[in-house]
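What follows is one structure encoded as structure tokens, with my remarks underneath.
No hydrogens, no waters, no symmetry mates; every other heavy atom, side chains included, goes into these values. Bear in mind the structure is a predicted one, so any value in this text is a computation, not a measurement.
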Amino acid sequence: MAKVTVDGIEVEVPNGSNVLQACEAAGKEVPRFCYHERLTVAGNCRMCLVEIEKAPPKPWASCAYPVADGMVVHTDTPMVRAARRGVMEFLLINHPLDCPICDQGGECDLQDQSVGFGMDHSRYSENKRAVKDKYLGPLVKTAMTRCIHCTRCIRFSTEIAGVSDLGAVNRGENMEVGTYVEKALSSELSGNLIDLCPVGALTSKPYAFVARPWELRKTDSVDVLDAVGAAIRVDSRGTEVLRVLPRLNEDVNEEWLADKSRFAIDGLKRRRLDSCWVRRDGKLARASWPEAFAAIEAKLRGLDGSRIGAVAGNLADAESMLALKDLMAALGSANLDCRQDGAHADVARREFYTFNTSIAGIEEAHALLIIGSNPRREAPLINARIRKRWLQGRLSIATIGPAADLTYDAANIGAGPETLAALLRGRHSFAETLNAAKKPMLILGQGALARPDGAHVLAASWQLAAATGMLGPEWHGFNVLHTAAARVGALDLRFLPGPGGKGLPDMLGGGVDLLWLLGADEFDTAAIGGDTFVVYQGSHGDRGAARADVILPGAAYTEKNGTYVSTEGRVQRGALSVYPPGDAREDWKILRAFSAYADRPLPYDDIDVLRARLEQVNPVFARIDILPRFGCGDTRGPACDPDRLRGPAFTPWVANYYQTDPISRSSPTMAECTRVHTPATAQAAE
């Protein structure tokens with residue numbers, strides 16, 4: 001540790017830190033544009049000038065100056081103030097005066113710092129330069145005349161996203177940031193460029209000219225469009241969600257957010273279910289809540305519980321799933337399932353179906369094996385964390401499944417379960433790499449579990465983890481990567497077939513007479529038996545609603561208070577930011593109201609009592625946003641016979657990253673992303 005004195009305040013900072021970090025540790029504000037703590041140092045803007053004793057008498061860029069023990073720094077001297085004003089004057093020479101119509105207005109670093117550290121006039125009267133706007137795809141809007149060449153966008157795309165899309169051409173005043181050849185950004189994290197840009201050069205194209213920041217109501221919540229559970233802030237005005245931004249959470253998403261989670265929100269107001277519907281004479285007709293409940297109750301009358309089933313969808317909150325499970329129990333049914341994809345799950349122990357290393361724990365790994373998964377498509381934020389660890393060096397990565405560009409070097413060592421069997425027998429060279437690693441880890445994806453031999457793949461993966469030192473008292477390297485936000489919570493609640501109960505495949509084709517779909521749209525609804533009475537409860541008119549006999553309008557994730565469990569087993573709560581449209585209601589309230597109508601009232605009338613019931617069913621729901629790190633105390637797992645690992649090659653589970661759920665399928669922005677990034681479309685354009 002180095003002792004540094006900043007404006008008379010002595011602080012200790014780690015060796016290798018820069019002066020800017022020492023100033024922050026002392027609580028001193030130092031302006032900056034190009035510096036970002038998660039990016040490499042560029043030293044472009046020269047705004048972070050300070051004065052350092054015993055150094056040559058001139059202003060120094062604090063971001064690029066390393067600390068030394070005994071250093072004395074001054075952040076507010078006449079020389080520093082004059083130098084910063086001069087730098088700001090230079091930055092504004094070519095910057096347009098279009099703040100009133102700039103989407104960055106009100107939350108612009110350049111605005112704030114020009115007021116705090118700049119001059120009240122300029123000595124330059126020359127014409128400002130003009131730069132042609134660049135096309136970066138359907139998500140990021142450009143106004144490159146505003147660009148101050150901080151290169152944050154270039155460094156983010158290259159270092160964090162791992163996609164070398166952006167760069168600079170020409171030099172000096174002619175320098176321009178762009179994509180060289182005009183094309184859409186190819187990263188699933190491209191929306192973070194908007195947050196990083198300190199001026200209005202890069203803004204949100206879907207949000208352009210929609211609202212000013214002071215008009216918005218801000219609600220802290222959690223993302224549910226994948227299973228990562230990123231911390232988000234929902235900005236709304238009136239009854240409409242206008243944008244979603246990331247919140248800082250070092251253990252999950254740091255300060256980044258995936259594009260689908262950020263931009264799919266325009267799907268929240270399209271194809272919405274805002275009233276009840278009942279099928280009469282083969283056609284769906286609007287109905288009141290009593291009429292819809294009466295139609296369901298009439299079908300249930302005299303129906304044996306074994307002929308009733310329920311399926312929970314991928315976006316369902318834990319409260320709604322528990323209410324539906326309790327309702328099915330009251331009706332005498334054990335026919336429950338949450339696995340629309342048919343993935344095998346062993347719920348004997350929680351570590352069999354969670355991401356046990358934790359997302360932050362990826363940074364400690366020394367070797368990684370990815371089985372049947374493409375993290376870049378299934379969980380871009382986890383993929384970025386893997387890349388972050390890979391950039392630190394000495395991380396060997398191998399994949400089993402289709403070859404893919406994961407933004408880091410990964411050896412594709414096989415296509416299917418036969419490679420897993422070879423590793424298990426020690427007949428593959430990568431088994432030696434895993435054995436030699438101090439902290440090896442394994443990621444098992446849904447592409448390996450959602451297949452007939454998924455149980456054998458799960459058992460073999462656990463056995464491989466035990467055999468290669470992944471399971472120890474201080475380290476747990478076995479991980480299941482889910483793609484559905486509701487899946488781990490549903491498994492914690494045991495939303496699975498009970499004794500003598502049926503799973504989803506057995507409920508199809510006439511296996512039940514009444515099927516209750518809680519936002520379940522990710523399976524082939526045509527396989528439901530023609531005589532099966534279908535109740536669809538959800539927020540969007542998607543596949544399940546098209547097959548329904550009764551539709552009950554539910555609330556989307558931004559319209560209710562709900563509990564979700566991420567792929568790493570972290571219990572988090574989303575918050576209501578706007579109210580549901582029309583007659584739509586929170587899902588657990590719908591189920592509670594119907595239970596009373598059917599004379600089987602559920603034992604809770606408010607969400608606090610329901611959450612107490614959640615904790616009663618599984619105490620893990622009492623640990624809100626707390627994820628203890630556990631080693632593995634018991635390495636015994638499901639029995640495995642390597643000879644049974646003979647199935648076909650693993651296939652990618654997420655074919656189209658931009659459209660994986662009813663919300664994103666309803667989004668025009670995601671539809672445009674799909675069009676732009678579809679290979680066939682790109683080839684036709686060429």
Side-chain angles (χ1 to χ4, degrees), residues 2-95 99 104 107-124 126 128-129 146-156 168 171-173 175 177 196-201:
K3 290 186 178 180
V4 182
T5 302
V6 181
D7 292 345
I9 302 172
E10 187 177 274
V11 295
E12 287 191 6
V13 294
N15 294 323
S17 302
N18 57 47
V19 173
L20 179 55
Q21 291 171 318
C23 294
E24 289 182 337
K28 296 297 180 178
E29 181 183 3
V30 176
R32 85 292 300 268
F33 291 114
C34 68
Y35 176 78
H36 192 279
E37 56 270 17
R38 302 189 196 277
L39 305 176
T40 56
V41 174
N44 291 338
C45 71
R46 318 307 289 180
M47 192 66 197
C48 61
L49 298 173
V50 297
E51 189 176 348
I52 302 174
E53 289 188 7
K54 298 183 181 180
K58 67 171 187 176
W60 291 93
S62 58
C63 69
Y65 202 106
V67 298
D69 195 42
M71 178 179 284
V72 179
V73 179
H74 301 284
T75 67
D76 192 23
T77 65
M79 180 176 70
V80 169
R81 288 196 295 269
R84 289 175 180 170
R85 287 170 181 167
V87 169
M88 181 62 72
E89 190 176 7
F90 273 117
L91 286 173
L92 295 176
I93 289 173
N94 286 311
H95 196 79
C99 296
Q104 198 83 344
E107 48 191 6
C108 174
D109 291 345
L110 187 62
Q111 275 185 336
D112 297 340
Q113 294 185 38
S114 64
V115 171
F117 302 97
M119 300 172 66
D120 60 355
H121 66 280
S122 174
R123 291 168 288 178
Y124 293 91
E126 288 79 8
K128 295 178 181 289
R129 75 169 190 160
R146 303 170 186 159
C147 179
I148 62 170
H149 303 158
C150 71
T151 69
R152 278 188 181 183
C153 56
I154 298 173
R155 285 176 284 148
F156 173 84
R171 301 183 68 181
E173 191 177 22
M175 176 178 167
V177 173
L196 284 172
C197 184
V199 295

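- Atom CG in N94 sits 6.0 Å away from atom CZ in R129 (nearest 0.5 Å).
- Aromatic ring orientation, Y65 versus W60: perpendicular (interplanar angle above 60°, classes split at 30° and 60°).
- Between C197 and R152, the closest side-chain pair of non-hydrogen atoms is not below 4.5 Å.
- Side chains of V177 and C153 form a contact here, defined as non-hydrogen atoms less than 4.5 Å apart.
- Interatomic distance, OH of Y35 versus SG of C45, reported as 12.0 Å (0.5 Å rounding).
- Across all non-hydrogen atoms, the minimal contact from L39 to R155 is CB-NH1, 3.9 Å.
- With values rounded to the nearest 0.5 angstrom, D76 atom CG is found 7.0 Å from R84 atom CZ.
- Within 6.0 Å of CZ on R146 lie more than 12 heavy atoms contributed by other residues, nucleotides or ligands.
- Atom CG of L91 is separated from atom OG of S114 by 10.0 Å, given to the nearest 0.5 angstrom.
- Residue C150 comes nearest to C34 through the heavy atom pair O-CB, 3.4 Å, listed as atom of the first residue, atom of the second, then distance.
- In this structure, D109 has no side chain to side chain donor-acceptor pair (under 3.5 Å) partners at least two apart in sequence or on a different chain.
- Environment of NZ in K3: sparse, with no more than 12 heavy atoms of neighbouring residues, nucleotides or ligands closer than 6.0 Å.
- Taken to the nearest 0.5 Å, the CG atom of N44 stands 8.5 Å off from the SG atom of C63.
- Of the possible polar contacts, one joining the Q21 side chain to the N18 backbone as a donor-acceptor pair under 3.5 Å is found.
- E51 and T77 get closest at one heavy-atom pair: OE1-OG1, 2.8 Å.
- A pairwise comparison of heavy atoms in V87 and R46 identifies CG2-O, 3.4 Å as the closest pair.
- Note that the CG atom of L49 and the OG1 atom of T75 stand 11.5 Å from one another [nearest 0.5 Å].
- Residues I154 and A168 share a closest heavy-atom pair of CD1-N, 3.9 Å.
- Checked options R81, M47, R85; the residue passing with F117 is M47 (criterion: side chain to side chain contact (heavy atoms under 4.5 Å, CB included)).
- A heavy-atom distance below 4.5 Å is found between the side chains of H95 and V199.
- With a 4.5 Å cut-off on side-chain heavy atoms, M119 and M88 do not count as touching.
- Contact annotation: the side chain of V6 never approaches that of M71 to less than 4.5 Å [non-hydrogen atoms, C-beta and beyond].
- A distance-only check finds no donor-acceptor pair linking the side chain of D69 to the backbone of A2 [under 3.5 Å].
- Between V30 and E24, the closest side-chain pair of non-hydrogen atoms is not below 4.5 Å.
- Closest heavy-atom contact between V13 and V4: CG2-CG2, 4.2 Å.
- I52 places none of its side-chain heavy atoms less than 4.5 Å from the side chain of V72.
- Applying the ring pair (Phe, Tyr, Trp, His ring centres under 6.0 Å) test to pairs two or more places apart or on separate chains, none has a residue in residues 7-28.
- Q104 places no side-chain N or O within 3.5 Å of a backbone atom of L110 that could act as its donor or acceptor partner.
- Counting heavy atoms from C-beta on, the side chains of L196 and H36 come closer than 4.5 Å.
- In E173, the CD atom is not crowded: 12 or fewer heavy atoms of neighbouring residues, nucleotides or ligands sit closer than 6.0 Å.
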- Message: Please determine whether side-chain contact (heavy atoms from CB on, under 4.5 Å) holds for the pair E53 and V73, giving the CA-CA distance in whole Å, both sets of side-chain angles, and the decisive distance to 0.1 Å.
- Response: CA-CA 6 Å; E53 289 188 7; V73 179; over 6 Å; no
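- Remark: F90 CZ is loosely packed, at most 12 non-hydrogen atoms of other residues, nucleotides or ligands lying under 6.0 Å away.
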